[in-house]
Chemist: 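Got a structure here, written out as structure tokens. Questions coming.
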Amino acid sequence: MNIMITSGQAVIEMKHFDLAKTLECGQCFRWHKNQDGSYTGVVQGRIVTARQKADQLILNPVSLDEVESLWIPYFDLQRDYGSMNKLVLEQAPWMKKAADVGAGIRILKQDPWETTITFIFSANNHIPRITASVACLANRYGVNLGEGELGPFHAFPTPEVLRQISLAAWQQCGAGYRAAYLMKTAEQWENHYKNMRKVSSSKKELTTRHRRMLEMLPGVGPKVSACINLYGMGHHKQFPVDVWIRRRVKALWPEAPDTDREIEQSALRLFGNAAGYAQQLLFYEARFKKHSTL
DNA sequence: CCCCAGGTAGGGT
DNA sequence: ACCCTACATGGG
């Protein structure tokens, strides 16, 4: 990886990276595609525009410090996706098409709080509706960060703010029956997350421990906890099974087990630390198929 | 009218 | 431990 910074713009040379797929594969909900093909998003309270030219990822405006402390972790640029891809194909030849279609996808490392609220919304819901709900929360309760092409950008609201909004306020952002879960989780978040961070020191089976703790939050079950771990906590040995993954795995994999639980366990054994990446490839392929055939 | 969506909680065996 | 169902909401 080679990084150049000139007048607030970073140019990062990267292999195995596709910006559009990474931002549009359904793991994040706060990026907007501009007319020129670039993307503008809000991450950790910062507005940034990202574009890709061949093997160059261009970020603006950023400082060198931010590139190292925020953007490289966020886009997961240090991880060796070349060898993960190879491992996935060795373990599962039936992943070939998904790996081709999704080549260049990276697993983002997003904010745990934002990821938790977003994926509670995701349960039994549609992606466009999730996106709209998250935008509603940001517009109403997030700090105004300044004007963009389509209006003001807002930070994702803090726990201090969201723990004080009413049940009706959650419902007005399209939470539906999840409103009660979201309200309770917002209330508990700061204390609960503090306890989760304490566990980090023990280091043993961190992924499982974090997951169990996340599932203590209302609205967080086995699938959502896996998503938070994967997209928000940097735990890559996760394989969230939803309706798309279930269908795709059963269609592609002759020996696929029956239940979601068994599918998850087999995938974790098969792919190890590349499980999250493999899952995202399948999800992207399933949805890409849907879009291109309609 | 129906069924579906990045499932979960609560109740029952 | 496993099965069953209700759950808001909007689009197809």
Side-chain angles (χ1 to χ4, degrees), chain A residues 21-31 98 101-102 105-108 110 112 114-137 165-188 192 211-233 235-236 238-252 257-265 267-268 275-294:
Chain A
K21 291 178 195 172
T22 298
L23 298 181
E24 291 182 9
C25 66
Q27 60 181 323
C28 57
F29 300 86
R30 295 278 284 149
W31 287 86
V101 175
I105 284 179
R106 297 254 163 180
I107 304 293
L108 297 174
Q110 304 175 72
E114 177 175 339
T115 309
T116 299
I117 296 303
T118 301
F119 278 88
I120 292 176
F121 269 102
S122 80
N124 199 25
N125 208 346
H126 296 265
I127 286 183
R129 274 177 48 74
I130 302 163
T131 306
S133 290
V134 175
C136 173
L137 282 182
I165 73 173
S166 66
L167 188 73
W170 285 105
Q171 288 169 335
Q172 281 160 22
C173 282
Y177 68 92
R178 308 168 197 81
Y181 306 151
L182 287 159
M183 202 160 77
K184 290 178 195 165
T185 288
E187 263 171 43
Q188 297 175 214
H192 198 70
R211 198 169 167 198
R212 294 293 164 260
M213 293 187 77
L214 287 166
E215 286 171 13
M216 293 163 66
L217 296 167
V220 179
K223 190 272 177 181
V224 170
S225 67
C227 285
I228 300 167
N229 253 354
L230 181 57
Y231 307 129
M233 311 268 294
H235 294 311
H236 278 232
Q238 293 287 285
F239 196 84
V241 178
D242 60 30
V243 291
W244 299 94
I245 296 297
R246 184 187 312 138
R247 282 197 294 250
R248 210 68 203 115
V249 165
K250 288 187 176 180
L252 293 173
D258 260 1
T259 69
D260 291 358
R261 177 88 182 139
E262 290 170 321
I263 290 173
E264 180 192 350
Q265 292 308 317
L268 291 177
Y277 171 63
Q279 188 268 4
Q280 198 55 56
L281 289 175
L282 281 171
F283 186 75
Y284 182 80
E285 187 218 11
R287 292 189 48 80
F288 176 82
K289 242 176 143 59
K290 180 196 170 194
H291 293 311
S292 60
T293 50
L294 288 180

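Everything numeric here is computed off the predicted structure, so don't read it as measured data. Here is the naming used below: chain letters follow the sequence lines, and residue numbers restart at 1 for every chain.
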Chemist: Measure the distance from CZ on A:Arg247 to C1' on B:dG7 and round it to the nearest whole Å.
Modeler: 14 Å
Chemist: Quick one: ring pair (Phe, Tyr, Trp, His ring centres under 6.0 Å) partners of A:Phe29, sequence neighbours excluded?
Modeler: A:Phe119
Chemist: Can you pull the side-chain hydrogen bond (donor to acceptor under 3.5 Å, both in side chains) pairs that have at least one residue in residues 223-233 of chain A, sequence neighbours excluded?
Modeler: A:Arg211-A:Ser225, A:Glu215-A:Ser225, A:Tyr231-A:Gln279, A:Tyr231-A:Gln280
Chemist: When the side chains of residues 125-137 of chain A are checked against the rest of the protein, which donor-acceptor pairs come out under 3.5 Å, sequence neighbours left out?
Modeler:
residue, atom, partner, partner atom, Å
A:Asn125, OD1, A:Arg129, NE, 3.0
A:Asn125, ND2, A:Phe121, O, 2.8
A:Arg129, NH2, A:Gly174, O, 3.4
A:Thr131, OG1, A:Ile127, O, 2.9
A:Ser133, OG, A:Arg129, O, 3.1
A:Ser133, OG, A:Cys173, O, 2.7

Chemist: Who pairs with A:Glu187 by side-chain hydrogen bond (donor to acceptor under 3.5 Å, both in side chains), at least two apart in sequence or on another chain?
Modeler: none
Chemist: Show the nearest heavy-atom pair for residues A:Ser122 and A:Val224, with the distance to one decimal.
Modeler: OG-CG2, 4.4 Å
Chemist: Name all residues meeting the side-chain hydrogen bond (donor to acceptor under 3.5 Å, both in side chains) criterion together with A:Glu262; count only those two or more places apart in sequence or in a different chain, and write none if there are none.
Modeler: A:Thr259
Chemist: For nucleotides B:dG11 and C:dA8, find the distance between their P atoms and express it as a whole number of Å.
Modeler: 15 Å
Chemist: Reading DNA chain C in the 5' to 3' direction, which nucleotide is the first one with an atom under 4.0 Å from a heavy atom of chain A, and which is the last?
Modeler: C:dC7 to C:dG10
Chemist: Which residues satisfy the side-chain hydrogen bond (donor to acceptor under 3.5 Å, both in side chains) test with A:Arg261, sequence neighbours excluded?
Modeler: none
Chemist: For A:Lys250, what residues pass the side-chain contact (heavy atoms from CB on, under 4.5 Å) criterion, not counting sequence neighbours?
Modeler: A:Arg246, A:Ala256, A:Asp258, A:Ile263
Chemist: When all nucleic acid strands are considered with a 4.0 Å heavy-atom cut-off, which category describes A:Tyr231: base, sugar-phosphate, or nothing?
Modeler: base
Chemist: Provide, to the nearest angstrom, the distance between the CD1 atom belonging to A:Ile130 and the C1' atom belonging to B:dC4.
Modeler: 13 Å
Chemist: Using a heavy-atom cut-off of 4.0 Å across all strands, would you classify A:Arg246 as base, sugar-phosphate, or nothing?
Modeler: nothing
Chemist: Does A:Gln171 reach a base, just sugar-phosphate, or nothing at all? Heavy atoms under 4.0 Å.
Modeler: nothing
Chemist: Could you run down nucleotides 8-13 of chain B 5' to 3' and tag each one B, S or - for protein heavy-atom contact under 4.0 Å?
Modeler: SS----
